[in-house]
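Structure first, commentary second.
Given the structure is predicted, the values throughout are model-derived calculations rather than measurements.
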Amino acid sequence: MSFSEILNILLGGSLVTLVLALATMKATVRKANAEAEKAKADAEAAKADAEKARADAEAVRITNAESATRILMENIVKPLKEELNATREDLQATKKEMASTKREMARLRKAVEAASGCPHSDGCPVLRKLRDNQKDSDGADSDGRSLGEPRLRGYRNKADPKGGGAGEPGGDFNTRGQPP
């Protein structure tokens, strides 16, 4: 066998097989590349679908949060604000009333303090009642019969124990707030 026969046997069948194998392989590689590209495109599409689903879920969450916030504002916050404003107005009115009462109390206190310097204060029923109320609030027992001044207690009219009515008004011992 000559060299050319050997080459012919080796290369004769192998060369055709090799060419066919290369052609088949190229087609297989192309087919595999096409399938890989298709799988890659499918993966990209799935990824895009997942992103779209996440975006849709986020949009639904935002819409739900906005609806909840709107309901909260309408049903809770607005009534509470109205109630707070009404309470503030009531508080302002109460403060004005308290200031007015405080001024009136100061005027009354000044008048009561000035009344003790009055020449008719010994038999004044108003001062007597104030003194009795003061004794009651201090914890002392008061029978309501005191004239308030110790020097007048022994000079009551026996016919009129409370100091008014019978007897001559303006007498020596029963002045009842009248000048002598």
Taking only distance into account, with no hydrogens and no angle test, what donor-acceptor pairs under 3.5 Å do side-chain atoms of residues 101-111 form with protein atoms, sequence neighbours excluded?
from   : atom 1 : to    : atom 2 : distance (Å)
Thr101 : OG1    : Glu97 : O      : 2.8

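- Note on residues 49-58: pairs passing salt bridge (Lys or Arg N to Asp or Glu O under 4.0 Å), not counting sequence neighbours, are Glu51-Arg54, Lys52-Asp56, Glu58-Arg61.
- Sorted by first then second residue, the side chain to side chain donor-acceptor pair (under 3.5 Å) pairs that include residues 63-74, not counting sequence neighbours, number zero.
- Residue pairs meeting the side chain to side chain donor-acceptor pair (under 3.5 Å) criterion with at least one member in residues 19-33, sequence neighbours excluded, do not occur.
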Check residues 80-95 and write down every donor-acceptor pair under 3.5 Å in which the side-chain atom is one partner and the other belongs to a residue at least two apart or another chain.
from  : atom 1 : to    : atom 2 : distance (Å)
Asn85 : ND2    : Lys81 : O      : 3.4
Thr87 : OG1    : Glu83 : O      : 2.8
Thr94 : OG1    : Asp90 : O      : 2.8

